Amino acid sequence: MVESANQIVAFTDGAAKGNPGPGGWGVVIVTPDGEVTELGGRAAGTTTNNRMELTAAIEAFSALRGTPGPVAIYTDSTYVIEGIRAWIFGWRKRGWKTATGGDVLNRELWEQLDALVAARGKDGVKWHYVRGHAGTPGNERVDEIADGLAQGQEIALYRGPLIGYPCAVLDLPSDTTLPRRTAASGGRGDSRSKTPYSYLSVVDGELARHATWADCERRVKGRTGARFKKAMTPADEAQILKDWHIEP
């Protein structure tokens with residue numbers, strides 16, 4: 001759940017079909033007074049996943065101008081989180097050059113995001129990493145918005161009270177630390193190199209276990225109130241069922 005009563009929660013995501021290719025971005029914002037705002041847009045021309053991820057974060061903070069309070073922002077982009085929390089300081093010091101002397105890609109977007117984050121003050125923003133396609137409702141929804149818009153689909157965007165929102169957006173993951181990078185995993189987090197133990201779904205109160213994400217997605221797609229999550233170990237599965245108040 002939300003870490004404090006006055007905290008704003010925002011999910012962001014970006015997509016580019018073909019990378020580079022047609023792109024889209026999606027945002028879901030929940031304010032402490034129980035209002036939900038969905039935002040989304042398409043790229044003009046060809047773009048990349050990273051540009052769309054940055055654009056989504058920029059649009060979220062732009063929409064929150066004038067709205068006080070700390071922001072907890074959830075994204076599945078390690079690029080965005082590591083860039084804004086660590087890499088950007090070295091880039092600025094080197095005159096927007098990488099450690100190897102090249103120009104920093106997407107500089108204009110990084111500068112926009114940096115200014116928006118700085119404007120919220122010290123400790124005004126907390127970044128959370130959320131694993132994509134792991135059943136976190138807010139992340140699944142912004143993925144649906146971004147991916148749909150990238151494909152040219154018309155996406156109905158919700159704006160209204162949390163009580164009427166069909167997505168359990170405040171069902172937040174307990175672990176939002178960045179994946180640990182290792183040489184063996186090619187720079188990707190360990191969690192991405194492991195095979196999930198199971199995928200769990202609940203539709204109309206009925207639990208099902210799936211061997212693949214595709215099977216799980218087919219069961220829950222379009223089903224109002226459906227819940228789903230990836231379990232990496234038997235203990236992880238047991239904890240998810242406990243959190244859902246379901247007997248294994």
Side-chain angles (χ1 to χ4, degrees), residues 1-3 7-17 19 23-31 36-41 49-50 52-61 63-64 71-82 84 125-151 153 155 157-158 162 165-179 188-189 191-192 196 198-202 210 212-214 216-232 236 239-240 243-244:
M1 290 299 293
V2 184
E3 293 175 9
Q7 182 173 256
I8 300 162
V9 171
F11 281 87
T12 68
D13 195 28
K17 311 313 290 182
N19 195 31
W25 57 269
V27 172
V28 175
I29 296 170
V30 186
T31 55
V36 178
T37 300
E38 291 188 341
L39 305 169
N49 283 335
N50 284 342
M52 289 294 92
E53 295 280 8
L54 282 166
T55 298
I58 289 167
E59 293 291 344
F61 285 114
L64 289 169
V71 179
I73 188 159
Y74 291 78
T75 173
D76 59 15
S77 174
T78 58
Y79 172 71
V80 170
I81 295 177
E82 293 191 305
I84 199 66
V125 177
K126 187 171 183 180
W127 293 90
H128 296 269
Y129 172 73
V130 56
R131 289 159 180 79
H133 302 299
T136 302
N139 176 257
E140 298 295 338
R141 177 54 183 160
V142 288
D143 176 78
E144 182 181 24
I145 294 170
D147 196 64
L149 290 171
Q151 295 183 62
Q153 299 173 8
I155 303 293
L157 299 175
Y158 181 90
L162 178 62
Y165 191 48
C167 170
V169 66
L170 295 184
D171 184 0
L172 303 175
S174 57
D175 180 11
T176 62
T177 56
L178 283 171
R188 295 184 303 172
S191 63
R192 294 191 178 189
S198 68
Y199 294 88
L200 304 173
S201 68
V202 176
H210 311 276
T212 67
W213 164 247
C216 181
E217 185 179 32
R218 277 193 292 271
R219 184 172 191 244
V220 302
K221 196 174 181 71
R223 302 296 296 271
T224 301
R227 305 184 79 174
F228 46 97
K229 207 150 195 175
K230 176 173 66 177
M232 297 305 297
D236 192 18
Q239 184 60 51
I240 292 168
D243 292 343
W244 286 355

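Excluded from the calculations below are hydrogen atoms, water molecules and symmetry mates; all remaining heavy atoms, backbone and side chain alike, are included. Every value quoted in this text rests on a predicted model; they were computed, and no experiment measured them.
- Contact check for Leu54 versus Tyr79: side-chain heavy atoms found under the 4.5 Å cut-off.
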Problem set entry | From CA spacing to verdict: side chain to side chain contact (heavy atoms under 4.5 Å, CB included), Asp171, Arg227 | CA-CA 10 Å; Asp171 184 0; Arg227 305 184 79 174; 2.9 Å; yes
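- Legend: residues meeting side-chain contact (heavy atoms from CB on, under 4.5 Å) with Thr31, ordered by chain and number and at least two apart, are Ile29, Asp33, Glu35.
- When all heavy atoms are compared, the tightest approach of Val130 to Pro173 is CG2-CG, 4.1 Å.
- Taking each heavy atom of Ala56 and Gly26 in turn, the nearest pair found is CB-O, 3.9 Å.
- Heavy-atom minimum distance, Glu53 versus Val80: CB-CG2, 3.8 Å.
- Side chains of Ile84 and Val125 form no contact here, defined as non-hydrogen atoms less than 4.5 Å apart.
- To the nearest 0.5 Å, the span separating CG on Asp13 from OG on Ser77 amounts to 8.5 Å.
- Using modelled atom types, no side-chain atom of Asn49 and backbone atom of Asn19 make a donor-acceptor pair closer than 3.5 Å.
- For the side-chain hydrogen bond (donor to acceptor under 3.5 Å, both in side chains) with Ser201, the lone residue among Glu217, His210, Lys229 that qualifies is His210.
- Residues that satisfy the salt bridge (charged side-chain N to carboxylate O under 4.0 Å, His left out) test with Arg223, not counting sequence neighbours, are Asp204.
- A distance of 6.5 Å separates OG1 of Thr12 from CH2 of Trp127, quoted to the nearest 0.5 Å.
- Side-chain contact check for Thr176 versus Tyr74: some heavy-atom pair is nearer than 4.5 Å.
- Judged as a side-chain contact (heavy atoms from CB on, under 4.5 Å), and not counting sequence neighbours, the contacts of Ala231 are Ser198, Asp236, Glu237, Ile240.
- Using cut-offs of 30° and 60° on the angle between ring planes, the pair Tyr199 and Trp213 is tilted.
- The salt bridge (charged side-chain N to carboxylate O under 4.0 Å, His left out) check on Asp147 picks up Lys17, with sequence neighbours excluded.
- Residues Asp76 and Val142 fail the side-chain proximity criterion, which asks for heavy atoms closer than 4.5 Å.
- A pairwise comparison of heavy atoms in Cys167 and Pro137 identifies SG-O, 3.5 Å as the closest pair.
- Under the rule for a side-chain contact (heavy atoms from CB on, under 4.5 Å), the partners of Leu178 that lie at least two apart in sequence or sit in another chain are Thr78, Ile81, Glu82, Arg85, Tyr129.
- Considering only residues two or more places apart in sequence or on other chains, Glu38 meets the side-chain contact (heavy atoms from CB on, under 4.5 Å) condition with Val28, Arg141, Ile145, Leu157, Tyr158, Tyr165.
- Atom CZ of Phe11 is separated from atom OG1 of Thr136 by 6.5 Å, given to the nearest 0.5 angstrom.
- Closest approach of Gly24 and Ala150 over heavy atoms only: N-CB, 3.6 Å.
- When all heavy atoms are compared, the tightest approach of Leu39 to Ala63 is CD1-CB, 3.7 Å.
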